[in-house]
Asker: 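Shown below is the structure under consideration.
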Protein chains: 2
Amino acid sequence: MPQPSSGDRVRPVTLSDVARAAGVSQSTASRAFNGSARRVDEALKQRVLEAAARLNYVPNTQAQAVARGRTTTIALLVSDIADAYFSSMAAAMMAEAESAGLRVSVIVTERRIERELEVVREVRGQHARAIVLAGSGYRDAALTGTLRAELDMVIESGGRVVTVSRGDLPFESVDFDNAGGARQLGASLARLGYRDFLVLAGEPELVATQDRVAGFRAGLADAGIELDDDRVIPSAFSWEGARDAVQRLGDDVLAGTRLVFAVNDEMALGAVAALRGRGFRIPEDISVAGFDDIRTLRDVVPGLTTVHVPIADLAAEVVGRIAHGVPGAPGSILPTSVVLRDSTPRLN
Amino acid sequence: MPQPSSGDRVRPVTLSDVARAAGVSQSTASRAFNGSARRVDEALKQRVLEAAARLNYVPNTQAQAVARGRTTTIALLVSDIADAYFSSMAAAMMAEAESAGLRVSVIVTERRIERELEVVREVRGQHARAIVLAGSGYRDAALTGTLRAELDMVIESGGRVVTVSRGDLPFESVDFDNAGGARQLGASLARLGYRDFLVLAGEPELVATQDRVAGFRAGLADAGIELDDDRVIPSAFSWEGARDAVQRLGDDVLAGTRLVFAVNDEMALGAVAALRGRGFRIPEDISVAGFDDIRTLRDVVPGLTTVHVPIADLAAEVVGRIAHGVPGAPGSILPTSVVLRDSTPRLN
DNA sequence: ATGAAAGCGCTAACAC
DNA sequence: GTGTTAGCGCTTTCAT
């Protein structure tokens, strides 16, 4: 279909148009909307609102931002918005922001720290009220230093920085209890009779995953089980990464494995795909457990045992801090809980 | 951890700071960055760039937008960003926009047309370069009229409007071949020996789904099979909606059903969940097919038969139009293709 | 090629 | 309570 009314491009109606139409000064018009500060006479206010409605006026938010010197935007940095964990996080954050009068702007970092750095500069230029870094951090000291410096500047100019699940940056943090959840999971699995584990650990550079591996190991240790280092397999922190890692595993390694724990659900599902590809049945031959309890799991059979992380609570906590919280508040850690499903039945 | 360097909030460095530091006028500094228009002496340019780097200057994008009178933002309206279809779309659009020098801003409409209306006004205030409406349209004539008027204003002020898979709005459209794909699917299933169908049609108000139902019906008709109206079940256009609809189905209805076709994969998966809950095995007792080929399917067993839609191509097409295309270009329709998987085996 | 000055749309002192 | 006047940070004529 053709565009209607194309051709004559018209200048958008501005506040001064409205003011003129209502027969008041621009400042009065402005005050009629923002309400706050000096109150404006009810009759005039109505005239202004009416004129605005008639002209279909809508305020230019960019201009408002420039004039006010601050925005109402939260920049949310995620690795990959097509990933179920991050898209749920974005959804929760948006819903929460909405009711706090804030907008969230999602930015994808593609799991590359250079890109992250680039993106943070951009965000600094947008003068977001806050920047939330979700997803794991990296162990690259040099780049992390630069990133930190960049984030410091955000704070210096009045912005807020909140990190989610990443221990590499010294800013306000909101976290899931990764170590605790993993520990409980390890203990639960040991209780179910599991002894021979293989851990898909993600990238050693990613901080949050370390906590999960360490916690899991601690949970096993609680049950008197030791997890050797060679049972901890690094891989890319993604479905594909886990799948590839499992495909590369030697037959002997898998033969000695009764349960695969992947540090997140996406990876666990990638592992399941690869295991099935190699002829293993889940859970008859090999059991699998993950972490996060992503929405995808509702469609997966057998149900994947995992550790549930309260994403909505996290979003509420993060947005709450940004909206009302005091800037340097100490970090908070949200409780996680083990969810046992059919992918890890009791043995014998 | 405490915030570092908190306390002394400092004014962000501006272009005039850079200009002063470089000993040039603000206009020269500006030109040193934007490069275009009048060229600036190479030596001076270097001085400016150096000063900027030293001061850690980053341009205020809001101010740029106000001064230039246009932004570089594409507003993408989706029903629900946690939905696999929309999050994939967002990811594809962002990737595509990136390489075209544009940003995409995702906005969630929650499948409510009033909210959609509200959101479009907001976007109009942000002076986005384009607004892309993904997700199905509604048959509410009154609100659609208002929405259309709002979108007309976007165009009048130089913005671009592109709709994806919704026939209710007379703007530039980019679509998947919904009818064609569904028709092929119907024909393929008939060829596999299926005769007794049940269609989960989503909401009758949603336009795109109608095409899928109609196409499916046409495909069956090609094979001499008639699909009665009472075999087409409306439901909310979501996983939960389909699940609930299937749960409410009478035993007799299901007894007369050999295959359930849902107009998208999310719904198909919701149906699978409900069917299993009622004791049906998939596909031994009832087969299921969906539409979209969302990423989630890689983890679903048995594999779900569906119609693949080329999301990356769609994103490229949409962004291409916005970046280089002529405004009133005719709509385009992208080919879809049937993907037969284990959820619909050949009968006997 | 560079600088001075006007203006983008809006808010916020500051006077009246 | 209302209008006048400066800005906000940047781009872009218009002179030079």
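Side chains included, hydrogens not; waters and symmetry mates left out as well; all remaining heavy atoms used. Since this is a predicted model, take the numbers as computed values, not measurements. Residue numbering restarts at 1 for every chain, and letters A, B, ... go by the order of the sequence lines.
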Asker: Check this for me: B:R115, atom CZ, are more than 12 non-hydrogen atoms of other residues, nucleotides or ligands nearer than 6.0 Å?
Answerer: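 Check passes, neighbour count above 12.
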Asker: With sequence neighbours excluded, tell me which residues meet side-chain contact (heavy atoms from CB on, under 4.5 Å) with B:E50.
Answerer: none
Asker: Show me the protein contacts with nucleotides 7-10 of chain D, counting only N or O atoms at under 3.5 Å.
Answerer:
from: D:dC8; atom 1: O2; to: A:A67; atom 2: N; distance (Å): 3.3
from: D:dC10; atom 1: OP1; to: B:Y57; atom 2: OH; distance (Å): 2.6
from: D:dC10; atom 1: OP1; to: B:N60; atom 2: N; distance (Å): 3.2
from: D:dC10; atom 1: OP2; to: B:L15; atom 2: N; distance (Å): 2.3

Asker: Kindly state which residues belonging to residues 41-56 of chain A come within less than 4.0 angstrom of DNA chain C, counting heavy atoms of the residue only, listed by number.
Answerer: none
Asker: Determine to 10° how strongly the helix from C:dA1-D:dT16 to C:dC16-D:dG1 is bent, judged from the axes of its five-pair ends.
Answerer: 40°
Asker: For B:T28 and C:dG3, is the shortest distance between a side-chain N/O and OP1 or OP2 below 4.0 Å?
Answerer: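 Checking B:T28 against C:dG3: at least one side-chain N or O falls below 4.0 Å of OP1 or OP2.
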Asker: Is it the case that the base of C:dT11 and the side chain of A:S27 share a donor-acceptor contact (distance under 3.5 Å, atom types as modelled)?
Answerer: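 Side chain to base: no pair below 3.5 Å.
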Asker: Output all residues satisfying side-chain contact (heavy atoms from CB on, under 4.5 Å) with A:S157, sequence neighbours left out; order by chain, then residue number.
Answerer: B:P12
Asker: B:A92: what forms a side-chain contact (heavy atoms from CB on, under 4.5 Å) with it, not counting sequence neighbours?
Answerer: B:I311, B:A315
Asker: B:Q126: what forms a side chain to side chain donor-acceptor pair (under 3.5 Å) with it, not counting sequence neighbours?
Answerer: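 Applying side chain to side chain donor-acceptor pair (under 3.5 Å) to B:Q126 gives none.
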Asker: Which residue pairs pass the salt bridge (Lys or Arg N to Asp or Glu O under 4.0 Å) test when at least one of the two sits in residues 319-328 of chain B, sequence neighbours left out?
Answerer: B:E172-B:R321, B:E317-B:R321
Asker: Determine all donor-acceptor pairs shorter than 3.5 Å in which one atom belongs to a side chain in residues 21-29 of chain B; sequence neighbours excluded.
Answerer:
from: B:S25; atom 1: OG; to: B:S27; atom 2: N; distance (Å): 3.4
from: B:S25; atom 1: OG; to: B:S27; atom 2: OG; distance (Å): 3.2
from: B:S25; atom 1: OG; to: B:T28; atom 2: N; distance (Å): 3.2
from: B:S25; atom 1: OG; to: B:T28; atom 2: OG1; distance (Å): 3.1

Asker: Go through the structure and list residues passing side-chain contact (heavy atoms from CB on, under 4.5 Å) with B:L117, not counting sequence neighbours.
Answerer: B:L143, B:T146, B:L147
Asker: Which donor-acceptor pairs under 3.5 Å do side chains of residues 72-80 of chain A form with protein atoms, sequence neighbours excluded?
Answerer:
from: A:T72; atom 1: OG1; to: A:G101; atom 2: O; distance (Å): 2.9
from: A:D80; atom 1: OD1; to: A:A82; atom 2: N; distance (Å): 2.9

Asker: What integer distance in Å separates A:F33:CZ from C:dG9:P?
Answerer: 15 Å
Asker: Tell me the ring-ring contact (aromatic ring centres under 6.0 Å, His included) pairs involving residues 44-72 of chain A, sequence neighbours left out?
Answerer: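 Qualifying pairs, neighbours excluded: A:F33-A:Y57.
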Asker: Rounded to whole Å, how long is the line connecting atom CZ of A:R31 with atom P of C:dC14?
Answerer: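 Result: 14 Å.
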